[in-house]
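Labels below follow one simple rule: chain letters A, B, ... track the order of the sequence lines, proteins then strands, and each chain is numbered from 1.
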There are 2 protein chains.
Amino acid sequence: MTTTSRPIQRRAGIADVAQLAGVSVGTVSNVLNRPDRVAENTRAKVQKAIDELSFVRNASARQLREGTIHTVGAIVLDITNPFFTETARGIEDRLDQDEYTLMLGSSDEDPNRESRLLRLFEEHGVRGMLVTPSRGSLESLIRIHERGTEVVLLDHTSPLTTMASVSVDDVRGAALATTHLLDQGHERIAFLNGPVSIRQCVDRRDGVIRALVEAGKDPADSLVEITLESLNADHGSRAMGGLLDEGRSGVTATFCVNDFTALGALRALRERGMQAPRDMAMVGYDDVNFAPELATPLTSVRQPTHEMGWRAADLLLSSAEPGHVVYQPELVVRASSAPG
Amino acid sequence: MTTTSRPIQRRAGIADVAQLAGVSVGTVSNVLNRPDRVAENTRAKVQKAIDELSFVRNASARQLREGTIHTVGAIVLDITNPFFTETARGIEDRLDQDEYTLMLGSSDEDPNRESRLLRLFEEHGVRGMLVTPSRGSLESLIRIHERGTEVVLLDHTSPLTTMASVSVDDVRGAALATTHLLDQGHERIAFLNGPVSIRQCVDRRDGVIRALVEAGKDPADSLVEITLESLNADHGSRAMGGLLDEGRSGVTATFCVNDFTALGALRALRERGMQAPRDMAMVGYDDVNFAPELATPLTSVRQPTHEMGWRAADLLLSSAEPGHVVYQPELVVRASSAPG
DNA sequence: TTGAAAGCGCTAACAA
DNA sequence: TTGTTAGCGCTTTCAA
């Protein structure tokens, strides 16, 4: 290890550069922003001074003058969920084209954290924000939007024509999954769902019920819905375990609101010496990358994550009119729900 | 859908609030920053004006005066990799305690993107940054650090005593994995590694070689190293497929530089009607959450991701001295490398 | 307890 | 081509 000195003194500013180069601050600013309007050798002198002083622009001062910046903020519900990280990657890829930079925040479904991020982005004057709203935050977003910051809702439909959105038809996705299970001959289905505070959970439940009704079933008989506190493997495992241990449920198939939940449910089966689809057919949601490689490859509902992020960023940067894009999900059938 | 009007006019500033409330700007500022120094009814008047005008502070102006902000920047190599997202979650959890906000960026191993993020953070005057440096960016980080911005290296040791770091002993982790395979009686091991431009790959290779030498083996005989362009499942699958199809390698065990690579390698086995550990023992790295639930539960090397992020943020916020923390990895043995 | 005013570092309009 | 200067919106010192 080496030791270097760390300067305590104030950072060099444009005035220091000007002084060292023997020019005016206006010229330094020109070198920085419109280099073509500066004589070659002046530019060289200034550049030398910049390097010598390790001059770094002060973004606050710059932005205070300029107004806007080449930055976009995005807020997702859970940074550890591949659905969101793949979406984030799509956003980045689109922003790169226009040399915009992404500031990513994760609300982790904590309203405080979310409003803090919202405020941070708005106060910093981002060019716009891409947000997956959580319960209750739609209100704030509408106000932010009214105040003039562009907003694109991510994985959520928009309540306003003027506020753009990119979403997936969750009702349809859940209906696809449910219909598939009914087609395999299952008469009674468990649905491991999340809390109603999460919009996706509400929509997916609607899809399940719609599919049952369309097949002429009475949901009161054919559906066992279990509500999980949190959409992770542990809660999925516990819920599935409870269902299995209780016995006499008559359930032969389970639809999980996401793949992590399904991961846990599969674990609960395995711990009891059971397996899918023999003892319980299983369908997940999101089609994460490991779904095909599980002990029993998992049937799941795929959503165009990367494309959604890309499109949302595109709506922000290049659209005249606020767009409203709705994608259709796709059922990917694998062994976990194969006829057994 | 409803339609709301979107104002084109300029945002309200502190002066507008002052005018509407019939006070001076100084008083408004006091209401915002030191409310206890303002008379109760004055405060109420000002608050009313703030609400009426939907006043939002301008962070640039504020910061231009103040100097620093309650924001920390972090740059990870790949936002879609659970290792980094779990680390990010750890960072957030620590920052929350001090009401700091995280701005997360992903370099995706693109040097341009990384330097853009570095510049963005520095220009914005973040309180500090937590960075997993990619090839070549250490230089820039040292300069940034010398200019006065605090830097904590994440998943990387520090070349300077003055620059804090949090890392895991990758040499040890790889040695653990290799020794384990040797203990199972394997004589010839494949190592699916990434490019030497990634530090982790270099260290893990060192660990593999060290373990072989310590066991009295000649790496030239007992090791087949395959270099992948990128550390994902597809490249892992292709590399493993190549090895298997070529035949006559004499390899009975494979160590993969991360779990995604191992995921691909397992897929390649399955596609050829083979399975681990019968036809090929397999060990991964990172111990991602789905490792226990794979067709063959995957042996892997676990790192304290959340703890690392938490600690890195803690070093930034609360340390007098720059700390240098090195964690020890842990081998989690599962069926994919069980004695066969 | 409140007000007036200086100034943070930069950009751009205008002057030379 | 270069220099001078007003002012972006805010915080804070000092005075009233």
Side-chain angles (χ1 to χ4, degrees), chain A residues 9-50 53-70 119-120 122-126 147-149, chain B residues 9-47 49-50 53-71 119-120 122-126 147-149:
Chain A
Q9 93 271 7
R10 186 181 115 285
R11 272 193 192 177
I14 209 177
D16 303 298
V17 174
Q19 190 179 23
L20 181 60
V23 299
S24 74
V25 290
T27 300
V28 176
S29 176
N30 279 333
V31 169
L32 257 22
N33 303 302
R34 292 176 296 302
D36 42 303
R37 292 194 195 166
V38 180
E40 177 54 40
N41 73 327
T42 313
R43 192 166 56 205
K45 269 193 308 193
V46 172
Q47 192 55 55
K48 182 153 166 289
I50 286 176
L53 296 170
S54 307
F55 167 72
V56 175
R57 261 168 150 111
N58 179 322
S60 308
R62 185 177 156 78
Q63 196 184 334
L64 182 55
R65 271 300 311 229
E66 295 272 80
T68 189
I69 43 170
H70 265 41
R119 189 155 26 81
L120 182 82
E122 188 181 13
E123 288 181 353
H124 273 272
V126 293
R147 274 180 231 132
T149 301
Chain B
Q9 94 270 5
R10 186 179 116 284
R11 273 192 191 178
I14 209 177
D16 304 295
V17 175
Q19 192 179 19
L20 181 61
V23 300
S24 74
V25 292
T27 301
V28 177
S29 177
N30 279 334
V31 170
L32 259 21
N33 302 303
R34 292 180 294 306
D36 43 301
R37 291 193 194 168
V38 179
E40 176 55 38
N41 71 328
T42 312
R43 192 166 56 204
K45 270 193 307 191
V46 171
Q47 192 56 56
I50 286 177
L53 295 171
S54 307
F55 167 71
V56 176
R57 262 163 145 114
N58 179 323
S60 308
R62 186 174 154 78
Q63 197 184 333
L64 181 57
R65 268 303 308 233
E66 295 271 81
T68 187
I69 43 172
H70 265 43
T71 299
R119 188 154 26 84
L120 182 83
E122 190 180 14
E123 290 183 351
H124 273 272
V126 293
R147 273 180 232 130
T149 301

ask   = Applying salt bridge (Lys or Arg N to Asp or Glu O under 4.0 Å), which residue pairs with at least one partner in residues 39-49 of chain A are found, sequence neighbours left out?
value = Glu40(A)-Arg43(A), Lys48(A)-Glu52(A)
query = How would you list, by chain and number, every residue that makes a side chain to side chain contact (heavy atoms under 4.5 Å, CB included) with Leu53(A), sequence neighbours excluded?
reply = Ala12(A), Asp16(A), Val17(A), Leu20(A)
Pairs under 3.5 Å (N/O, protein and nucleotides 14-16 of chain C):
none

request  = For Ser54(B), check side chain to side chain donor-acceptor pair (under 3.5 Å) against everything at least two apart and list the hits.
outcome  = none
inquiry  = At 4.0 Å (heavy atoms only), tell me whether Ser60(B) reaches a base, stays on the sugar-phosphate, or touches nothing.
reply    = nothing
note = Residue set satisfying side chain to side chain contact (heavy atoms under 4.5 Å, CB included) with Glu122(A), at least two apart, ordered chain then number -> Met129(A), Ile144(A), Arg147(A), Thr149(A), Arg11(B), Val56(B)
inquiry  = To the closest 0.5 Å, what do you measure between CG (Asn58(A)) and CD (Gln63(B))?
reply    = 7.0 Å
message = Taking the axis from the first five pairs and the axis from the last five, what angle separates them in the helix from dT1(C)-dA16(D) to dA16(C)-dT1(D), rounded to 10 degrees?
response = 40°
inquiry  = The criterion is side chain to side chain contact (heavy atoms under 4.5 Å, CB included); which residues satisfy it with Ala39(A), sequence neighbours excluded?
reply    = Asn41(A), Thr42(A)
Euclidean distance, atom CG of residue Asp16(A) to atom P of dG9(C) [Å, nearest integer] = 9 Å
query = Partners of Ser29(B) by side chain to side chain donor-acceptor pair (under 3.5 Å), sequence neighbours excluded?
reply = Asn33(B)
query = Does anything in residues 53-70 of chain A pair up under salt bridge (Lys or Arg N to Asp or Glu O under 4.0 Å), and if so which pairs, sequence neighbours excluded?
reply = none
For Asn30(B), all residues meeting side chain to side chain donor-acceptor pair (under 3.5 Å), sequence neighbours excluded = Arg34(B)
Whole-Å distance separating the CD atom of Gln63(B) from the P atom of dG9(C) = 12 Å
key: Close side-chain approach of Val28(A) to Val23(A), heavy-atom, < 4.5 Å   = yes
message = Base contacts versus sugar-phosphate-only contacts with protein, heavy atoms under 4.0 Å: please encode nucleotides 10-16 of chain D as B, S and - from 5' to 3'.
response = BBB----
message = Using the side chain to side chain contact (heavy atoms under 4.5 Å, CB included) criterion, which residues pair with Ala44(B)? Sequence neighbours excluded.
response = none
task = Look at the side chain of Val23(B) and decide which nucleotide, out of dG3(C), dG9(C), dT2(C), has an atom nearest to it.
result = dG3(C)
query = In whole Å, what is the span from the CD1 atom of Ile69(A) to the C1' atom of dT11(C)?
reply = 16 Å
